[in-house]
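Written out below as structure tokens is the structure these notes cover.
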Amino acid sequence: MKSMDKIVSLCKRRGFLFQSSEIYGGVQGFWDYGPLGVELKRNLKEAWWHDMISGHNELVAPPEAPSPFEMVGLDCTIIMHPQVWKNSGHYDLFHDHMVDCRESKKRYRFDQVRGRWCQKGDQKIFVTTLAEAEQELDEVRRRAMKFFKLRAKNADQLTVSDESLTLDQLDDTDDVLAPDAKSLGTLTEPREFNLMFKTTLGALGGEDDVTFLRPETAQGIFVNFKNVLDSSRVKVPFGIGQIGKSFRNEITPRNFTFRSREFEQMEIEFFCQPDQSQQWYRYWRDRRLAWYTALGLSSNSLIMREHHPEELAHYSVGTADIEYAFPFLPPGEYGELEGIAHRGDFDLRSHMEGKLDPKSPEGQPMQVELNEHGKPKYRGSGKDLSYRNEVTNERFVPHVIEPSAGADRAALAFLCEAYTEDEAPNDKGEMESRVVMKLHPRLAPIKAAVFPLVKKGGMSEIAKEVYGELKQHLNVFYDDKGTVGRRYRRQDEAGTPYCITVDGDSLEDRTVTIRDRDTLEQTRVKIDDLTTELKQRLA
RNA sequence: GCGGGUGUAGUUCAAUGGUAGAACACCAGCUUCCCAAGCUGGACACGAGGGUUCGAUUCCCUUCACCCGCUCCA
């Protein structure tokens with residue numbers, strides 16, 4: 001049976017993944033890739049970069065694509081101008097003040113809990129509710145009656161303030177009846193949740209020099225949009241891709257590497273004409289799903305989850321998550337690998353004009369979010385990030401489709417998918433259980449292993465010669481320790497798709513056997529044809 | 001952040017208020033002409049800090065990490 005415990009144990013044992021700083025007891029939410037893991041992850045990122053960016057042919061429209069398009073890459077810094085995160089919306093979203101209720105164990109956003117002062121006799125309490133604005137007064141009154149143990153006929157003993165307040169407008173929470181509590185004063189002090197990693201610019205930096213490690217790579221693409229346009233001659237529609245580390249202070253890192261605090265993203269921002277954005281959204285959504293299945297994720301374990309219209313920001317035409325049935329999730333539940341979001345012109349315009357207000361009235365272009373003085377809450381760059389079609393002379397702010405993938409989550413999904421227990425014969429022909437990582441050859445850390453069948457009679461010499469030749473082209477591994485069966489099993493656990501064995505016949509006719517990891521079948525090929533044969537099989 | 005559970009070798013597990021065992025894995029050698037567990041030998045562990053005690057891996061406290069549930073998930 002496939003279980004998370006077994007997968008975690010194999011990852012440690014074989015050097016795919018280690019806990020960060022393990023000798024000091026580890027740090028929650030940080031993980032290191034070992035010798036096999038780093039190869040897997042590099043292969044994964046290289047597959048993505050090749051398939052999405054460097055291997056893309058911009059001269060022809062791929063199947064299902066509305067038109068030909070261009071793709072270029074970018075690699076930008078982790079630390080950026082602090083204003084980036086204000087206009088991207090992360091600064092506001094990531095600085096929630098939260099309170100916990102000691103009684104109900106629930107957590108609330110401090111500025112979202114509303115309520116009213118209620119008085120009976122000389123006792124004055126603040127009764128809260130999460131109810132909608134229309135039901136708020138009734139709900140507050142109902143809870144207050146219950147708290148004071150008043151019957152309906154004595155309702156006139158209760159006075160409820162006309163003014164609705166949020167918790168952040170109170171001096172303290174001592175007299176607050178929390179939304180799910182029965183007694184007063186159960187809320188903790190509000191605590192700031194810094195979901196972005198704060199850091200300081202410059203050696204003498206004070207509070208004014210605070211900035212953040214990026215929580216996503218995407219913003220680096222948006223702020224370089226004009227640079228890329230001015231330097232690369234790309235024309236809309238085109239995409240900019242980037243692979244890089246991002247950082248988020250996850251509240252509850254859990255499930256192995258699934259929710260890490262330092263993680264790597266593979267993101268594309270695809271810029272297109274607003275009237276074509278729906279087609280491009282569908283194209284990327286379907287293409288990205290197909291990418292995972294092409295690399296070996298079972299379509300039974302993958303789902304495309306379209307967000308419901310009510311989940312979407314109103315400027316967005318659609319958002320879909322590609323999700324995988326990780327073994328640590330209950331049956332029927334899926335964990336996100338990648339989100340494909342239609343982001344409209346929100347990001348480019350926010351970086352031009354100042355942070356747009358997602359709560360802008362529907363049916364018209366979004367407006368810049370204003371502060372209490374009626375000025376932009378956060379100033380934009382003031383730079384023109386619109387695009388001019390040089391043929392039609394039409395000028396517009398491109399709409400953006402954002403396929404945003406998690407490299408570590410993908411690596412984990414491929415590891416989980418690959419873990420297989422099956423049966424293989426032992427030297428007596430009896431079936432024994434075997435653990436094999438059925439990684440796609442493109443992802444496998446080691447492409448082939450080379451063995452002398454036994455360490456004598458000149459087999460080692462030939463095997464070393466074969467190894468030296470292959471090593472120039474492929475990541476291969478040499479092993480002559482123990483019996484050959486044991487060496488095969490070791491490679492099975494590492495996910496090596498092929499094992500090359502030099503035997504007695506090799507001495508006579510310069511042939512070797514290729515053993516297939518999944519079928520255990522062996523075929524004999526000439527040493528001179530080996531590189532070509534392997535490259536063909538690995539393609 | 002809350003509640004429950006668990007921390008012993010690379011892995012999976014024992015035992016013990018007084019010398020910490022095993023299996024597999026690993027290393028060296030022997031054996032071995034195709035699928036791990038033949039032979040000999042070897043190296044390797046009580047998450048961290050504090051307390052109680054003559055003595056703590058064991059009891060107590062704190063802390064860190066992992067697992068389960070709740071919460072959160074931009």
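Because only heavy atoms are used, hydrogens play no part in the values below, and waters and symmetry mates are left out as well, while side chains stay in. Residue numbers begin at 1 in each chain, while the letters A, B, ... track the order of the sequences.
- When heavy atoms are screened at a 4.0 angstrom cut-off, E22(A) is found touching no nucleic acid atom at all.
- Within the nucleic acid shown, E250(A) comes within 4.0 Å of at least one base atom, counting heavy atoms only.
- Note on ring orientation: taking the six-membered ring where Trp is involved, the planes of F414(A) and Y292(A) are parallel (angle under 30°, cut-offs 30° and 60°).
- Nucleic acid contact for E432(A): base, since at least one base atom lies under 4.0 Å from a heavy atom of the residue.
- Contact check, N249(A) against C72(B): no side-chain N or O comes under 4.0 Å of OP1 or OP2.
- Listed in residue order, the members of residues 8-17 of chain A having a heavy atom less than 4.0 Å from RNA chain B are S9(A), K12(A), R13(A).
- Note on R261(A): every side-chain N or O is 4.0 Å or more away from OP1 and OP2 of C73(B).
- Nucleic acid contact class of N426(A) (heavy atoms, under 4.0 Å, all strands): sugar-phosphate only.
- Note on F18(A): nothing from the nucleic acid sits closer than 4.0 angstrom, heavy atoms only.
- Helical stems in RNA chain B, defined as runs of 3 or more consecutive Watson-Crick or G-U wobble pairs with donor-acceptor distances under 3.5 Å: B:1-7 with B:64-70, B:10-13 with B:21-24, B:26-30 with B:38-42, B:47-51 with B:59-63.
- N255(A) comes within contact range of the sugar-phosphate backbone alone, with a heavy-atom separation under 4.0 Å but no base atom that close.
- Within the 4.0 angstrom heavy-atom criterion, base atoms lie near R254(A).
- If you check every strand for non-hydrogen atoms under 4.0 Å, M4(A) touches nothing.
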